[in-house]
Colleague: 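Pasting a structure here, questions to come.
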There are 2 protein chains.
Amino acid sequence: MNKPAPAGPSTLIDVAREAGVSPSTVSRILNGTARVSDDKRQAVLKAIARTNFAPNLMAQGLKKGRTHTIGIIVQDISSPFFDETLHGVDDGLKGTGYASVIVTGHWSALEEADRIRLLLARKVDGIVLLSGSLPDDELLHFATQRPIVVTGRALDAPNALGFTMDNEHGAWLAVRHLVELGHRRIAFVSGPPSHADASSRLRGYRRALEEADIPFDPKLVVEGNFRENSGVLAMNYLYDAGTTFTAVFAANDQSAYGARLALYRRGVHVPDDVSLVGFDDLPGSAFTTPPLTTVRQPLYDIGNTAITALLRLINGDRVPTRVPPVELVVRETTKRH
Amino acid sequence: MNKPAPAGPSTLIDVAREAGVSPSTVSRILNGTARVSDDKRQAVLKAIARTNFAPNLMAQGLKKGRTHTIGIIVQDISSPFFDETLHGVDDGLKGTGYASVIVTGHWSALEEADRIRLLLARKVDGIVLLSGSLPDDELLHFATQRPIVVTGRALDAPNALGFTMDNEHGAWLAVRHLVELGHRRIAFVSGPPSHADASSRLRGYRRALEEADIPFDPKLVVEGNFRENSGVLAMNYLYDAGTTFTAVFAANDQSAYGARLALYRRGVHVPDDVSLVGFDDLPGSAFTTPPLTTVRQPLYDIGNTAITALLRLINGDRVPTRVPPVELVVRETTKRH
DNA sequence: CTGTTAGCGCTTTCAT
DNA sequence: ATGAAAGCGCTAACAG
């Protein structure tokens, strides 16, 4: 006689009963923890198939103290920047048996701390914090509970690891490129000054000017917020103030998109009248019109490296973390002046 | 004397001991399950603070049979389409105590089934499947274990709910707009024919032509894959074949970006020489040069509605699901011919 | 090689 | 109002 499908999802105990063995035997087969005779193994395998059994990860986690879940904190879930990074994370997780719960920090240190607590309550096995603004000491405090990998800052503690891109160098590359093309009036659409990457990029901008003996003109830098609209606002501000320039360096691609639109609106041609350089090399930047010259950050690799490093940390290995350096990608928005 | 921080994270039992009450009392306070005298409550609250206690969600989940986790399946984690939808999901989850684990289906029904099984093993309380290609019957099978909400198809079963956008109507709107501007040679960059939305959009294209008494010319439709590059390929193909047209309707914004780039490369001006319409209204489409005329899909609302519906399903309520309709957003890539 | 037993941390009757 | 005790589904000694 065939029993109908059992009430709830079947448990390991159901399987054991079906197969006429003890629960431990089933567990051993599931985990490969010990040798099991072939006939019992077959019986168990059949029982598993028949009862459509899948182990309850909550129960496993409770017992083993590891959930095979890792927590990812992004700042903004619908930003191409983070999404490309997440892509790298996702690929790095593939086939490892780990899943990720992704939460949002919204660029707020307070919210980050809150999210971390939440992830810790969920007993994630580790945390990746992407572009976090949480102070180091708080981060290290949390890291006593679970390993943490953070991007956007250098960090090397027993249970925490951080690495960063050379933003200053990237900005320097961009501006030097412009300088080499003969530009001397180079506007800069900055990022939020509170953001570490943003200030590094400003430093790179200034250093490149200095090296070219171009005096720094504060009127040429206008503060943006890394989003498209701040790029258009910045351009409008500059033109309305009568500030002249032949090139603009935007602190990220999104604000470059905005700047480009504002220029278009005013009938200023890119790159014929004004050259434009961004930062990040978002996937879309190869398809803007014209394709954007920009500083490439290996976003995918950043995500992939972060997760790989975390997985190693979880297993107690420490590893030197290497990501490809930033590099200038010359496309079609820059031209000799 | 102050004890140093205890070895592991503190447990409810530690708290109980600290406060001099029984574990049940602590639990009751945590869950508001029953009245507790005020002095004990204070003692417990203090103990919780002192021991820095946070309940172990794994244990709670094991006991209560709900994990307060929901599974989200997207097809591609670094696509602006899904990311904007995820944004709606994320906001819908805010403050509910639920977290989400996001996995990728990569447009493959097999992989989707696999991911669903994985999520089920994790005992998620419900699943949102975004643009899935899994057949209805398999979906309904999985839905016997946990409620599922799916986008991109209509579905109304006891434990599963699906809703869809009117893609045909959207495409019809786009093409009618072009027709009204005097265009009669309208190229179509399609999506993958296997994709339900893609074929609906093709139908809308054909219907709009029909209604305008414009004969359907198969030479004007070229197959794309929803990505930027297929847009440029499509344009090149059309020009190389000597096919003439004055407007192009791309089956999604990303392929419209690509088409726009190919046009630029050939010195064809948009919208003066050729008009261009996309589909989706991705966040970036308001900032392309020129800003893209497109059919707006309320991606954020789709995500938000899906998660809201799922949360209701989990609580046993059924709800009529309403999302704003698609609509034409006329920006600057279309012009009278 | 295999079964028995004792929990992981929490909630929930059931008594009191 | 509160405590004792049982157990969610699984794993890991410990015996045999």
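Being a predicted model, the structure only gives us computed values, none of them experimental. Reminder, nothing fancy here: chain letters follow the sequence lines and each chain counts from 1.
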Colleague: Under 4.0 angstrom, heavy atoms only, what part of the nucleic acid is B:Ser27 near: base, sugar-phosphate, or nothing?
Modeller: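 The answer is base, as B:Ser27 lies within the cut-off (heavy atoms under 4.0 Å) of a base atom.
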
Colleague: B:Thr25 or A:Leu30: which one's nearest nucleotide on DNA chain D is closer to the 5' end?
Modeller: B:Thr25

Colleague: Specify the separation, in whole Å, of atom CZ of B:Arg28 and atom P of C:dT13.
Modeller: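 Nearest whole value for this atom pair: 11 Å.
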
Colleague: Counting just side-chain N and O atoms, does B:Lys63 come under 4.0 Å of either OP1 or OP2 of C:dC8?
Modeller: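 Answer no for this pair, as no side-chain N or O of B:Lys63 is under 4.0 Å from OP1 or OP2.
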
Colleague: Parallel, tilted or perpendicular for A:Tyr300 and A:His87, by the 30°/60° rule?
Modeller: perpendicular

Colleague: Between B:Thr11 and A:Ser37, name the one whose nearest nucleotide on DNA chain C is closer to the 5' end.
Modeller: A:Ser37

Colleague: Taking CD from B:Gln42 and C1' from D:dT2, how many angstroms apart are they, rounded to a whole number?
Modeller: 17 Å

Colleague: Under 3.5 Å, is there a donor-acceptor pair linking the side chains of A:Thr25 and A:Ser22?
Modeller: yes

Colleague: Rounding to an integer number of Å, can you tell me how far B:Met58 CE sits from D:dT11 C1'?
Modeller: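 Result: 13 Å.
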
Colleague: Please state how far atom CG in A:Leu57 lies from atom P in C:dC8, giving the value in whole angstrom units.
Modeller: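 For the pair A:Leu57 CG and C:dC8 P, the rounded distance is 21 Å.
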
Colleague: Crowded around A:Lys94 NZ? As in, over 12 foreign heavy atoms under 6.0 Å?
Modeller: yes

Colleague: Heavy-atom count around B:Arg312 CZ within 6.0 Å, excluding the residue itself: above 12?
Modeller: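 No, the 6.0 Å shell around CZ holds no more than 12 heavy atoms from other groups.
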
Colleague: Going by distance alone, is a donor N or O of one side chain under 3.5 Å from an acceptor N or O of the other, for A:Thr104 and B:Asp90?
Modeller: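 B:Asp90 and A:Thr104 do have a side-chain donor-acceptor pair below 3.5 Å.
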
Colleague: Of the nucleotides C:dT11, C:dG9, D:dT2, which one has an atom closest to the side chain of B:Lys64?
Modeller: C:dT11

Colleague: Provide, to the nearest angstrom, the distance between the CZ atom belonging to A:Arg66 and the C1' atom belonging to D:dC10.
Modeller: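 Checked: the CZ to C1' distance equals 16 Å.
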
Colleague: Please classify the nucleic acid contact of A:Ser24 as base, sugar-phosphate, or nothing, using heavy-atom distances under 4.0 Å.
Modeller: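 Touches a base.
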
Colleague: Quick one: A:Leu62 CG to D:dT11 P, roughly how many Å, whole number?
Modeller: 11 Å

Colleague: Please check the phosphate of D:dG9 (OP1 and OP2 only) for any side-chain N or O of A:Gln60 closer than 4.0 Å.
Modeller: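 So the side chain of A:Gln60 is outside the cut-off, no N or O lying under 4.0 Å from OP1 or OP2 of D:dG9.
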
Colleague: I want to verify a distance call: between C:dG3, D:dA1, D:dG3, whose nearest atom is closest to the A:Ser22 side chain?
Modeller: C:dG3

Colleague: Can you see if the side chain of A:Asn56 gets near the phosphate of D:dC8 - specifically, an N or O under 4.0 Å from OP1 or OP2?
Modeller: no

Colleague: Let me know the distance between CG of A:Asp38 and P of C:dT2, rounded to the nearest Å.
Modeller: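 Distance check: A:Asp38 CG to C:dT2 P gives 10 Å.
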
Colleague: Specify the separation, in whole Å, of atom CZ of B:Arg35 and atom C1' of D:dT2.
Modeller: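 Value for this atom pair: 13 Å.
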
